There are 2 protein chains.
Amino acid sequence: MGVSLKDIAERAGVSLATVSNVVNGYRPVGEVTRQRVQRAIDELGYTPNLSARHLRRGRTGLIALAVPELTNPYFAELADVAIREAAGLGYTLLMENTAAERGAELALLEGAQRHLIDGLILSPVAIGREEVLARRARMPLVLIGEGVYDVPYDRVAIDNVAASRTATAHLVALGRRRIAFVGAPPGGDRQSAHLRIRGYREALDAAGIPFDPGLVVPTEQFGRADGEHAMHHLLSLDHPPDAVLAYNDLTAIGALRTLARSGAGVPDDVAVAGIDDIEEGRFSNPTLTTVAPDKRAIGRSAVRRLVSRIEGEGGPPMHVQPSFHLIERESTGPAR
Amino acid sequence: MGVSLKDIAERAGVSLATVSNVVNGYRPVGEVTRQRVQRAIDELGYTPNLSARHLRRGRTGLIALAVPELTNPYFAELADVAIREAAGLGYTLLMENTAAERGAELALLEGAQRHLIDGLILSPVAIGREEVLARRARMPLVLIGEGVYDVPYDRVAIDNVAASRTATAHLVALGRRRIAFVGAPPGGDRQSAHLRIRGYREALDAAGIPFDPGLVVPTEQFGRADGEHAMHHLLSLDHPPDAVLAYNDLTAIGALRTLARSGAGVPDDVAVAGIDDIEEGRFSNPTLTTVAPDKRAIGRSAVRRLVSRIEGEGGPPMHVQPSFHLIERESTGPAR
DNA sequence: GGCGGTGTGTATAACGTTATAGATCCCCGG
DNA sequence: CCGGGGATCTATAACGTTATACACACCGCC
């Protein structure tokens, strides 16, 4: 098989322990031996066997990032950041797909991969506060997003209420009065959807616009097709909206699609805004106004918090709240 | 730490070896002992330590899928399929980002992760046939896409020439005569771009349309922004094209963006087609005509080929060629 | 009654690494 | 000249698993 420590030790004429010390500097090694060992390593092309190292150390060097959908560009972009950050800290990041299923989220929470990973970053959407509080596994856990709040774990999430309020206020400032919200959860889960609806209502209240429950459209999921169907429904109303805030960019893009097909003008007839700032929205027709969370900060903070905990950091749970900012594009832009 | 085989053995009053045999059925175990052991396992909640197992077996149960961009929806969709397939076969799939960099591709090829993974699925774009032929690592390797051909490794790829020919022929059938190709490689690498250009030329030849090199636009990368810029260039020509075939859906979507901003009608003034069938193209405005490779087949075959090789399958390298089909949408649809 | 076979269980040596507890040498102060 | 340290280096016991070799019983069969 591969080259092992023993081969290096024999070649360099030193003990196993010395080679190990050269490799990971646990204890100092004399300059001459260090060089001899290093040369042997280079010549034989040695790389440590990770399974053995992990068995011995009790750690694997792997962390997982579990998201509800791999094909959602938001998570793909987040994963991209997280993978790089993890690599920089000497860890390898594993993508895990929960498919927004309760069972999958619970299983991960309780250590389904316990012997494979040292820690878990989870974006919970199907489980709630109680399930997380009832967790028995001890593996470090970092939560991202506002799916679950007020639990004793590190958490990284933007202020969804504020983000949504900002987007809604922008629509209000454009003079819109019948503002719909697309992407309410059907059952009652998806905490983040509730928060975004709250921000939406706060902005309406602040502007003195009465809340119309008929303008809040539940969706099964939060993809493009869901936005498409929801928009269809809104256009069929007696008094269709003059603006739409979508749960995320994907549903917003679905809504844009329906509007285009129906011949409605965007933003003239209906203004549309999303949340997430996925690249797709910079190239859609029309381009999509959105609230951009600081994805770099989210991905990096989540990985850093997790690695800190894995490496023994104690202390109370921390809540990191990255910033966000509104990006105005054509979908709410001045009428052309 | 966790519960180990030894704990189970003590609890059930049997030897280590017997517990191991119950767990992974290497040798038969009597019915009564089996049940006693099983009960101990359930009660203590034992799960095998993977590091130890892998150290002993010489395998990790991990495979990697290395792609040039994680945020390209085509690869995200492919990864989604591959992860599921791998899980079904008892493997865990690790995503690796080469960023289309030669160094990263070479490093993986030569076993950068050799102790972490049992095999590699690589989508090569920056390296060529020579580099792959010169490979010295022995870890099983499966190539996807037509970046590299005629090498002694299993390969899974659609027929890019035929796919491109089909798309071009469709544009020809619509009566278009000045058909541009967006997304030629600048330097000369990206073998698959060359193949797609070849298919494009074949279709032109078959229709008796002279090839105009001025209509083939090189791009730095193959993202939305590249398509956007290339289209900008094409519109500035004295005789702009009446149709565009893009290297992939992303560049096509970038082209659509420029066309929309410039006020050109799609498909009336310019018809647009891509290759990949990413979901985004089903919701763009207008929706995007594309060639859809059988992504399920690609992802599944690649994982299966790799796992077969890991598990000792011999024999000559195989070339799997999944099917594709044209999907006509608005971007080439009949004039409205 | 001895012999091979089969069905079950056990003991134990690896796999490659790291951390602990020595071992060895040399230098220095008393 | 001896005791005491650094400074290096070594020997070795784990980590938890699996595969090999072995032990033992029991069976049927010439």
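In what follows, every heavy atom counts, from backbone to side chain, and hydrogens, waters and symmetry copies are set aside. This is a predicted model, so every value here is computed, not measured. Each chain gets a letter, A, B and so on, in the order its sequence line appears, and its residues count up from 1.
Out of C:dT10, C:dT17, D:dT17, the shortest distance to the side chain of B:Leu16 is found at D:dT17.
Summarising the geometry, the separation between CG on A:Leu5 and C1' on C:dA19 is reported as 13 Å, rounded to the nearest angstrom. Here D:dG16 presents its P atom at 17 Å from CG of A:Leu116, a figure rounded to the nearest Å. Going from atom CG of A:Leu55 over to atom P of C:dT17 covers 12 Å, rounded to whole Å. When rounded to the nearest whole Å, the span between CZ of A:Arg53 and P of D:dT17 equals 21 Å. Atom CG of A:Asn24 and atom P of C:dT17 are 10 Å apart (whole Å). Atoms CD (B:Glu10) and C1' (C:dT10) sit 15 Å apart, rounded to a whole Å. The distance between atom CD1 of A:Ile41 and atom C1' of C:dT17, rounded to the nearest whole Å, is 13 Å. Nucleotide C:dT8 holds its P atom 10 Å from the CZ atom of B:Arg34, rounded to whole Å.
Across all strands shown, A:Ser51 has no heavy atoms under 4.0 Å from either base or sugar-phosphate atoms. Nucleic acid contact for A:Pro28: none, since no nucleic acid atom lies under 4.0 Å from a heavy atom of the residue. A:Val23 comes within 4.0 angstrom of no nucleic acid atom, judged by non-hydrogen atoms across all strands. At the heavy-atom level, B:Asn21 lies nowhere under 4.0 Å from the strands shown. Counting non-hydrogen atoms under 4.0 angstrom, B:Ser4 reaches the backbone sugars and phosphates but no base.
Contact of A:Arg56 with C:dA19 (side chain to base): no donor-acceptor pair of N or O atoms is detected under 3.5 Å.
In terms of heavy-atom proximity, A:Glu105 sits nearest to A:Leu122 at O-CD2, 4.5 Å.
Residue-to-nucleotide proximity on DNA chain C shows that, of A:Arg57 and B:Glu31, the 5′-proximal contact is made by B:Glu31. Judged by closest nucleotide on DNA chain C, B:Ser15 is the one of B:His115 and B:Ser15 placed further toward the 5' end.
A distance of 7.0 Å separates CD in A:Glu279 from OG1 in B:Thr71, rounded to the nearest 0.5 Å. Put simply, CG on B:Asn21 and OG on B:Ser15 are 8.0 Å apart, with the number rounded to the nearest 0.5 Å.
Annotation: side chain of B:Val156 is not in contact with side chain of B:Leu143 (no heavy-atom distance under 4.5 Å).
Of the possible polar contacts, none joining the B:Asp276 side chain to the B:Ile278 backbone as a donor-acceptor pair under 3.5 Å is found.
A sub-4.0 Å separation between OP1 or OP2 of C:dT17 and a side-chain N or O of A:Tyr46 is present. For A:Ser20, a side-chain nitrogen or oxygen approaches OP1 or OP2 of C:dT18 to under 4.0 Å. Considering only side-chain N and O atoms, B:Tyr26 lies nowhere under 4.0 angstrom from the phosphate OP1 or OP2 of D:dT17.
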